[in-house]
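Notes to accompany the following structure.
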Amino acid sequence: MTVRTETPGELVAAAAREADVNRAMCPSRVVLEHVTSRWGVLVLAALLERPYRFSELRRTIENVSEKMLAQTLRTLERDGFVHRDAQPVIPPRVDYSLTPLGREAAERVWRLARWSEHQVDAVAAARAAYDAREA
């Protein structure tokens, strides 16, 4: 009996070949969840402008808690979308920027975010019409 052991790279490549976001166990669902999460979209869109320090990013993205921003940045860094540059200075300085993969994702979600800004009136009208029918 031959036991075949696959390297992590082989496992990732096999998963990518079988990717189908509609399948329950498809690994692309996790990526989609991270990129399109409430804070993920806003972090990616903000970093399209320029690199940010943590405190600058927190001020830019209103109402995000320190905990959620840190968690989102860690997740996006782990997924390869965000680069964390910790400089050994006093006081410590950490800058966040997009990787090439992150820039590609950010450009896509930025368009969706801007589209949603332009559709607020249409959505409000649709909601009002729905509510009137349901009343």
Side-chain angles (χ1 to χ4, degrees):
M1 175 192 262
T2 304
V3 176
R4 182 160 187 242
T5 57
E6 296 168 313
T7 67
E10 290 171 329
L11 291 172
V12 169
R17 282 191 303 275
E18 298 171 14
D20 179 352
V21 76
N22 291 314
R23 283 188 17 245
M25 299 305 293
C26 182
S28 66
R29 282 192 178 189
V30 176
V31 175
L32 186 61
E33 181 182 328
H34 294 168
V35 170
T36 61
S37 71
R38 176 181 185 182
W39 303 117
V41 168
L42 298 175
V43 166
L44 289 170
L47 290 174
L48 259 177
E49 297 174 13
R50 63 178 176 84
Y52 277 91
R53 295 178 74 175
F54 184 90
S55 57
E56 294 176 309
L57 203 49
R58 186 154 182 238
R59 283 191 300 273
T60 299
I61 303 170
E62 294 181 5
N63 291 337
V64 66
S65 69
E66 187 171 319
K67 177 184 175 185
M68 285 309 303
L69 180 56
Q71 182 178 323
T72 301
L73 285 166
R74 247 189 326 274
T75 298
L76 294 173
E77 180 184 6
R78 182 171 184 254
D79 287 349
F81 297 117
V82 169
H83 173 72
R84 181 180 185 271
D85 181 23
Q87 300 171 10
V89 295
I90 305 283
R93 180 182 174 104
V94 179
D95 292 303
Y96 295 92
S97 60
L98 294 173
T99 64
L101 181 64
R103 178 159 296 285
E104 184 179 346
E107 288 168 350
R108 285 169 164 62
V109 298
W110 181 87
R111 285 193 298 272
L112 178 61
R114 295 306 170 247
W115 174 85
S116 67
E117 289 174 343
H118 296 288
Q119 300 306 320
V120 170
D121 291 340
V123 171
R127 287 178 179 170
Y130 177 90
D131 292 345
R133 286 191 312 271
E134 294 297 311

Determine which pairs satisfy salt bridge (Lys or Arg N to Asp or Glu O under 4.0 Å) with at least one residue from residues 108-125, sequence neighbours left out, and list them in order.
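Qualifying pairs, neighbours excluded: Glu104-Arg108, Arg114-Glu117.
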
Salt bridge (Lys or Arg N to Asp or Glu O under 4.0 Å) against Asp95, all qualifying residues, sequence neighbours excluded:
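Per chain and number, Asp95 pairs via salt bridge (Lys or Arg N to Asp or Glu O under 4.0 Å) with Arg93.
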
Closest heavy-atom contact between Tyr52 and Ala46?
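Heavy atoms only, the tightest pair is CE1-O, 3.2 Å.
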
For Ser37 versus Gly40, what's the shortest heavy-atom pair and its separation?
OG-N, 2.9 Å

Under the side chain to side chain contact (heavy atoms under 4.5 Å, CB included) test, which residues partner Leu112, sequence neighbours left out?
Trp115

Hey, can you pull the donor-acceptor pairs under 3.5 Å for the side chains in residues 25-34, sequence neighbours left out?
{"unit_1": "Arg29", "atom_1": "NE", "unit_2": "Val21", "atom_2": "O", "d": "2.8"}
{"unit_1": "Arg29", "atom_1": "NE", "unit_2": "Arg23", "atom_2": "O", "d": "3.1"}
{"unit_1": "Arg29", "atom_1": "NH2", "unit_2": "Asn22", "atom_2": "O", "d": "2.9"}
{"unit_1": "His34", "atom_1": "ND1", "unit_2": "Asp79", "atom_2": "OD2", "d": "2.4"}

How long is the gap from [atom1] on [X] to [atom2] on [Y], to the nearest 0.5 Å?
| X | Y | atom1 | atom2 | result |
| --- | --- | --- | --- | --- |
| Leu47 | Glu49 | CG | CD | 8.5 Å |
| Phe81 | Leu44 | CZ | CG | 7.5 Å |
| Asp85 | Arg53 | CG | CZ | 11.0 Å |
| Glu107 | Leu98 | CD | CG | 9.0 Å |

Validation row: Val94, Gln87 side chains within 4.5 angstrom (heavy atoms)
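The answer is no; the side chains never approach within 4.5 Å.
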
Kindly determine whether Phe54 and Leu73 satisfy side-chain contact (heavy atoms from CB on, under 4.5 Å), including the steps that lead there.
CA-CA 9 Å; Phe54 184 90; Leu73 285 166; 3.7 Å; yes

Side-chain atoms of residues 59-72: list all donor-acceptor pairs with protein atoms under 3.5 Å, sequence neighbours left out, distances to 0.1 Å.
{"unit_1": "Thr60", "atom_1": "OG1", "unit_2": "Glu56", "atom_2": "O", "d": "2.8"}
{"unit_1": "Ser65", "atom_1": "OG", "unit_2": "Met68", "atom_2": "N", "d": "3.0"}
{"unit_1": "Thr72", "atom_1": "OG1", "unit_2": "Met68", "atom_2": "O", "d": "2.7"}

Identify each donor-acceptor pair in which a side-chain atom of residues 127-135 lies under 3.5 Å from a protein atom, sequence neighbours left out, and give them as a table.
none

